[in-house]
Amino acid sequence: MQEFKIKNSVLHCEDVSLAAIAEKVGTPFFAYSHAALCDRIRAYKTAFAEVPHLIAFAVKANGNIAVLKTFANEGGGADIVSGGELHRALAAGIDPKKLVFAGVGKTKREMAAALHADILMFNIESSQELTALDEVAKAQGVKAPVALRVNPNVNPNTHPYISTGLKKSKFGIEITKAVSEYQVAARLPNIEVIGIHSHIGSQLTEVKPFVDALALIAKLIEALRAENMDIRHWDIGGGLGITYDEESPPLVKEMADAIMPLLKKSGCHIIMEPGRSLAGNAGVLVTRVIYTKEGVAKNFVVVDAGMTDLIRPSLYQAYHAIRPVSENKRDEMVVDVVGPICESGDFLAQDRSLPKMTPGELLAVMSAGAYAFTMSSNYNARPRPVEVLVHGSDFDVIRKRETMDDLLLGEQIPDILLKS
Ligand code: LLP
């Protein structure tokens, strides 16, 4: 990412030194580049310019309302999967008519809130969910706009935890059952069928699975239209991968070009739900070295961020590049970069060759703009890090560091325990 580069031997985000941010806000912190976020969504806009489209950013990747607003300013909407994400999207000022709502376990309460907000479309994942939505819509005296999430059974060749389009997956409705499920939907009095949705997985590094899946969906659209279904919104999902290490995922343009004939032929309004490819490489997690520790079998660099801030290495054996914020020539050493959390699985990198670090120095964990802060936790009673948005030679705090009191929010000791 060109937004992260060394100037005067110090790693910068745009024109701001990460060391200067650390000085102001402490560590660990997340920094996102506004220019990088805009650049990524503009790449999507250009690549899909030939079809009417909506770029609905997957809020699960990065839910900060300043990030959502950045995309909204570029015309983007949001893909939400919970009442909480609906709340975030609305708080960011996203037009409700640019919201699509997926997820296998939407509750009636969540459906009611989304219907009330008048969102664009519900992406429905099961028959029971369809019935529930029909009931909720009836109670509000409205019709719920619906797409069915169809599972095309295409292998995306990615990590099993983030592959979602296979037969054994909990997501979506099997493609073989789709037509009959649509017929059920069309008969429900408070449901309006308006679209179709699929999403096969995340961190995809090849074009072929997209094309294969969407070719199957294109056929299905024809079959549905033959049944008089008015399929006018086609949500093609997200999933495009990014470079964490040496992956070379297709460019947005390559992916778009490969599927463009299908999209055009359909005549549909195209919705897409990218998450990682919009935000992943636009963010870093900056952490300070607390101690270094030379063991018999391993050398450790103990830092002040860990699995509570970035769980991807622990959960998916994911690779994140790690760079010293100050670059000066020194010997390299093979180390595990570990956090302070009381779990052996708490590492940011294993067996990584890094310049020899000393306590107090800063490290930048790269590609931490997606599925990083959103997957963070308070385990070990650790306040969540501060998030900042960098723009040019300035930056703003977009979420304060949590305080010790924040950790106790909502908790109370009942009277029964206070009686002595
Ligand atoms: N749409 C749906 C229905 C999804 O389930 C997802 C991601 C997306 C869009 C966005 O996919 P993206 O463009 O970001 O690949 N925590 C994992 C990733 C989980 C992805 C879940 N669904 C990770 O850290 O790699």
Side-chain angles (χ1 to χ4, degrees), residues 1-23 26-33 36 159 203 205 241-249 276 280-372 385 390:
M1 260 278 134
Q2 62 188 26
E3 284 78 10
F4 295 93
K5 51 181 177 268
I6 298 286
K7 287 182 206 164
N8 305 324
S9 311
V10 179
L11 188 58
H12 281 58
C13 174
E14 300 192 25
D15 297 325
V16 185
S17 136
L18 293 175
I21 301 178
E23 201 61 38
T27 54
F29 67 87
F30 285 94
Y32 311 119
S33 156
H159 191 282
Q203 184 53 13
T205 51
I242 61 170
T243 303
Y244 285 102
D245 185 11
E246 287 177 340
E247 309 90 330
S248 47
R276 189 189 320 263
N281 280 333
V284 288
L285 168 63
V286 176
T287 180
R288 202 177 284 282
V289 177
I290 309 176
Y291 302 114
T292 61
K293 192 170 160 180
E294 288 184 28
V296 182
K298 284 210 164 206
N299 299 314
F300 298 98
V301 174
V302 185
V303 297
D304 65 3
M307 64 188 292
T308 49
D309 314 296
L310 179 71
I311 201 175
R312 303 192 69 260
S314 309
L315 195 56
Y316 315 115
Q317 293 76 47
Y319 179 98
H320 283 260
I322 298 187
R323 298 171 63 174
V325 168
S326 288
E327 286 212 340
N328 47 38
K329 271 236 162 301
R330 47 192 141 154
D331 291 342
E332 298 244 325
M333 194 171 178
V334 174
V335 296
D336 280 13
V337 180
V338 299
I341 295 132
C342 297
E343 295 277 346
S344 301
D346 175 32
F347 55 84
L348 297 173
Q350 286 181 307
D351 302 318
R352 190 73 62 86
S353 183
L354 278 183
K356 219 170 167 180
M357 302 301 294
T358 49
E361 280 191 274
L362 298 171
L363 284 172
V365 185
M366 309 306 291
S367 310
Y371 305 111
V390 176

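Worth knowing before you read on, the calculation uses all heavy atoms, side chains too, and leaves out hydrogens, waters and symmetry mates.
Without hydrogens or angle criteria, Glu247 side chain to Asp245 main chain gives a donor-acceptor distance under 3.5 Å. A distance-only check finds no donor-acceptor pair linking the side chain of Asn281 to the backbone of Ser367 [under 3.5 Å]. Arg330 contributes a side-chain N or O that, together with a main-chain N or O of Lys356, makes up a donor-acceptor pair within less than 3.5 Å. Formation of a donor-acceptor pair under 3.5 Å by the Gln203 side chain with backbone atoms of Ile242 is found in this model. Although no hydrogens or angles enter the test, the distance criterion places no donor-acceptor pair under 3.5 Å between the side chain of Lys298 and the main chain of Lys293. Judged by distance alone, the side chain of Asp304 and the main-chain N or O of Arg288 form a donor-acceptor pair under 3.5 Å. Asp346 places a side-chain N or O within 3.5 Å of a backbone atom of Ile341 that can act as its donor or acceptor partner.
In the displayed structure, Asn328 atom CG is contacted under 6.0 Å by more than 12 heavy atoms of other residues, nucleotides or ligands. Heavy atoms of other residues, nucleotides or ligands lying less than 6.0 angstrom from CD of Gln350 number more than 12.
Annotation for Gly339 and Val302: closest pair O-CG1, 4.3 Å, computed over non-hydrogen atoms. Leu348 approaches Pro313 most closely through the heavy-atom pair O-CG, 3.6 Å. Residue Pro355 comes nearest to Pro324 through the heavy atom pair CG-CG, 3.6 Å, listed as atom of the first residue, atom of the second, then distance. Minimum heavy-atom separation, Gln2 to Lys5: O-NZ, 3.1 Å. Nearest heavy-atom pair across Tyr244 and Tyr319 is CB-O, 3.3 Å. For Glu14 against His12, the heavy-atom pair with the smallest separation is O-CB, 3.4 Å.
The side-chain heavy atoms of Thr358 and Val289, taken from C-beta on, include no pair separated by under 4.5 Å. For the pair Arg323 and Val284, the minimum side-chain heavy-atom distance is 4.5 Å or more. Using a 4.5 Å cut-off on side-chain heavy atoms (C-beta onward), Val301 and Met333 make no contact. Between Met366 and Leu11, the closest side-chain pair of non-hydrogen atoms falls below 4.5 Å. In this structure, the side chains of Cys13 and Leu18 come closer than 4.5 Å at one or more pairs of heavy atoms. Between Thr243 and Pro249 the shortest side-chain heavy-atom distance falls below 4.5 Å. Side-chain contact between Thr287 and Thr27 is absent, with no heavy atoms from C-beta onward closer than 4.5 Å. Here the side chains of Val365 and Val303 are not in contact, with every heavy-atom distance at 4.5 Å or above.
Note that OH of Tyr371 is 5.5 Å distant from CZ of Arg276, once rounded to the nearest 0.5 Å. Here Ser326 contributes atom OG and Asn8 contributes atom CG; the two are 11.0 Å apart, rounded to the nearest 0.5 Å. One distance of note links CG of Asp309 with CD1 of Ile311; it measures 10.5 Å at 0.5 Å rounding. The CD atom of Glu343 lies 5.0 Å from the CE atom of Met307; values are rounded to the nearest 0.5 Å. Here the CG atom belonging to Leu363 is positioned 6.5 Å from the CG atom belonging to Leu354, to the nearest 0.5 angstrom.
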(Q) Under the criterion side-chain contact (heavy atoms from CB on, under 4.5 Å), I'd like the reasoning laid out for Asp336 against Asp351: C-alpha separation, chi angles, the key distance, then a yes or no. (A) CA-CA 5 Å; Asp336 280 13; Asp351 302 318; 3.7 Å; yes
(Q) What verdict does the side-chain contact (heavy atoms from CB on, under 4.5 Å) test give for Val390 and Ile21, after you've listed the backbone C-alpha separation in whole Å, the side-chain angles of each residue and the deciding distance to 0.1 Å? (A) CA-CA 10 Å; Val390 176; Ile21 301 178; 3.8 Å; yes
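For the pair Arg352 and Phe347, the cation-pi criterion (under 6.0 Å, within 45° of the ring axis) is not fulfilled.
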